[in-house]
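Report on the following structure.
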Amino acid sequence: MVAAPVMEELREVCQPQAKLASRNGEHWAGRLYMRRVSLRFTRQLVRTPITPDQLTWTMVVCGVASGAALMIPGLTGAVLAVILMQLFLLFDCVDGEVARWKGQNSASGIYVDRLGAYLADAALMAGAGYRAAESGVGGWLSIGIATALGVVLLKASTDLVDVARARRGLTVADDEAARPRSQGVATVRRLAAFKIHRVTNGIEASLVLLVAAVADEVTGGIDWTRWALGALAVITWVMVPAHLLSILSSSRLK
C-alpha cells in the first residue's frame, strides 16, 4: 500500500488558506473542529482507489438520512439526526481534500456537492415537520415542507449569483462584493451580525432540534419541537426576501 503522506504537506495541498479564510466558502464548524478531523480521514483515503465523487455521494446520503432520522420518535431520532449531519459535514470536507490531493476536481463533483447541500437541509426541515406532526400529517408537516422550500430558495438565490455572473462572462464574486452598496442595508446587516440566520443551515438546525428533543423528553410532549420548527420557519421566511435584497444591493451582480 502507498505510504500515507506527511500531514503538513497534506494540509498545505488540501486545506488552502484562501478557502479556509473565505467567509462564504467555509462553514464555521469546519474551521472550528471538522477540518482537524477530516484531514486524518483524508490521509488514509488518498491511499485508496476511492474517488472524490464517491465521497460526495456518501455526503448526500448522510444529509438526506439525517432528515429521515427525525421520523424516529423520541431522543433517538434527534441524536441520530445530529450524528448524520456531522458525518455530512465530515464528507463535505473530505471529498474536496481528496480531490485536491489526487487532482480529480470535476464539474460533476461540484454539482453533486451543491445538490447535496440543498437536499440535506430540505430533508432535515421536512423531517422536523413530520416529527412535529407526530402522525406525519397535518399543519406541522406543511410548515416543515414550507421551511424546506424557504431553505432551498435561500441557497438557490446565492448560487444564482454565480450563474448570472458566468452568463455575463464575469469571474466569481469575492467576499468584498457581498458588501451592500446601500448604507441603509449595510446598517441592517451590521445589526444582524449575531448571525441568527445560520440556524436555517442543517448543521445548526439539527442541534436546535436536538435541544428541543431533550426538552420534550423532560416535559413529556412535542411542544418544544413545534416551537423550534415554528421559529425556524419564521427565520427562514424573513431571510428569503432579506437575502434577496442583500444580493441586489451589493456588487455581486456588477
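On a predicted model such as this, the values are computed, not experimentally measured, just so you know.
In this structure, CD in Glu12 is found 9.5 Å from CH2 in Trp101, a value given to the nearest 0.5 Å. Atom CG in Leu229 sits 5.0 Å away from atom OG1 in Thr147 (nearest 0.5 Å). Of the inter-residue distances, the one linking His243 atom NE2 with Thr158 atom OG1 reads 2.5 Å to the nearest 0.5 angstrom. For the atom pair CD1 of Ile72 and OH of Tyr130, the computed distance is 11.0 Å after rounding to the nearest 0.5 Å.
Cluster annotation: Leu244 and Leu253 are assigned to the same hydrophobic cluster (Ile/Leu/Val/Met/Phe/Trp/Tyr, side-chain heavy-atom contacts under 4.5 Å, transitive). When the side chains of ILVMFWY residues are joined at heavy-atom separations under 4.5 Å, either directly or via intervening members, Leu115 and Leu124 end up in a single hydrophobic cluster. Under the 4.5 Å side-chain heavy-atom criterion for ILVMFWY residues, a single connected hydrophobic cluster contains both Leu32 and Phe88. Leu170 is not connected to Leu160 by any chain of hydrophobic side-chain contacts under 4.5 Å among Ile, Leu, Val, Met, Phe, Trp and Tyr, and they are in different clusters. The same ILVMFWY cluster, assembled from side-chain heavy atoms under 4.5 Å apart, contains both Trp57 and Leu45.
In terms of modelled atom types and a separation under 3.5 Å, the side chain of Arg131 and the main chain of Met71 share no donor-acceptor contact. With Arg100 contributing its side chain and Val13 its backbone, the two residues share no donor-acceptor pair below 3.5 Å. Remark: the backbone N or O of Gln54 is paired with a side-chain donor or acceptor of Thr58 at under 3.5 angstrom. Within the 3.5 Å criterion, the main-chain N or O of Pro52 finds no donor-acceptor partner in the side chain of Asp95. Side chain of Tyr118 to main chain of Ala156: a donor-acceptor pair is present (N/O by atom type, distance under 3.5 Å, no hydrogens or angles). Between the side chain of Ser206 and the backbone N or O of Val82 there is no donor-acceptor pair closer than 3.5 Å.
Contact annotation: the side chain of Lys155 never approaches that of Val152 to less than 4.5 Å [non-hydrogen atoms, C-beta and beyond]. Side-chain contact check for Ile145 versus Trp140: every heavy-atom pair is 4.5 Å or farther apart. Here the side chains of Val112 and Asp53 are not in contact, with every heavy-atom distance at 4.5 Å or above.
Atom OH of Tyr111 has 12 or fewer neighbouring heavy atoms from other residues, nucleotides or ligands inside a 6.0 Å radius. Within 6.0 Å of CZ on Phe41 lie no more than 12 heavy atoms contributed by other residues, nucleotides or ligands. More than 12 heavy atoms of other residues, nucleotides or ligands sit less than 6.0 Å from atom CD of Gln104.
Counting only N and O atoms by type, the side chains of Glu97 and Ser38 include a donor and acceptor under 3.5 Å apart. Checked by atom type, the side-chain pair Asp216/Thr225 shows a donor-acceptor distance below 3.5 Å.
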**Report entry** side-chain contact (heavy atoms from CB on, under 4.5 Å) between Trp237 and Leu153, intermediate numbers included
**Finding:** CA-CA 9 Å; Trp237 280 101; Leu153 286 174; 3.6 Å; yes
**Report entry** Residue pair Thr200, Asp121: steps toward the side-chain contact (heavy atoms from CB on, under 4.5 Å) verdict
**Finding:** CA-CA 8 Å; Thr200 63; Asp121 289 4; over 6 Å; no
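Across all non-hydrogen atoms, the minimal contact from Pro49 to Lys102 is C-NZ, 4.0 Å. The shortest heavy-atom contact between Met85 and Ala120 is CE-O, 4.2 Å.
Taking Ile, Leu, Val, Met, Phe, Trp and Tyr as members and joining any whose side-chain heavy atoms lie under 4.5 Å apart, directly or through other members, Val211 forms no hydrophobic cluster with any other residue. Other residues sharing the hydrophobic cluster of Trp224, ordered by chain and number and joined by side-chain separations under 4.5 Å: Trp227.
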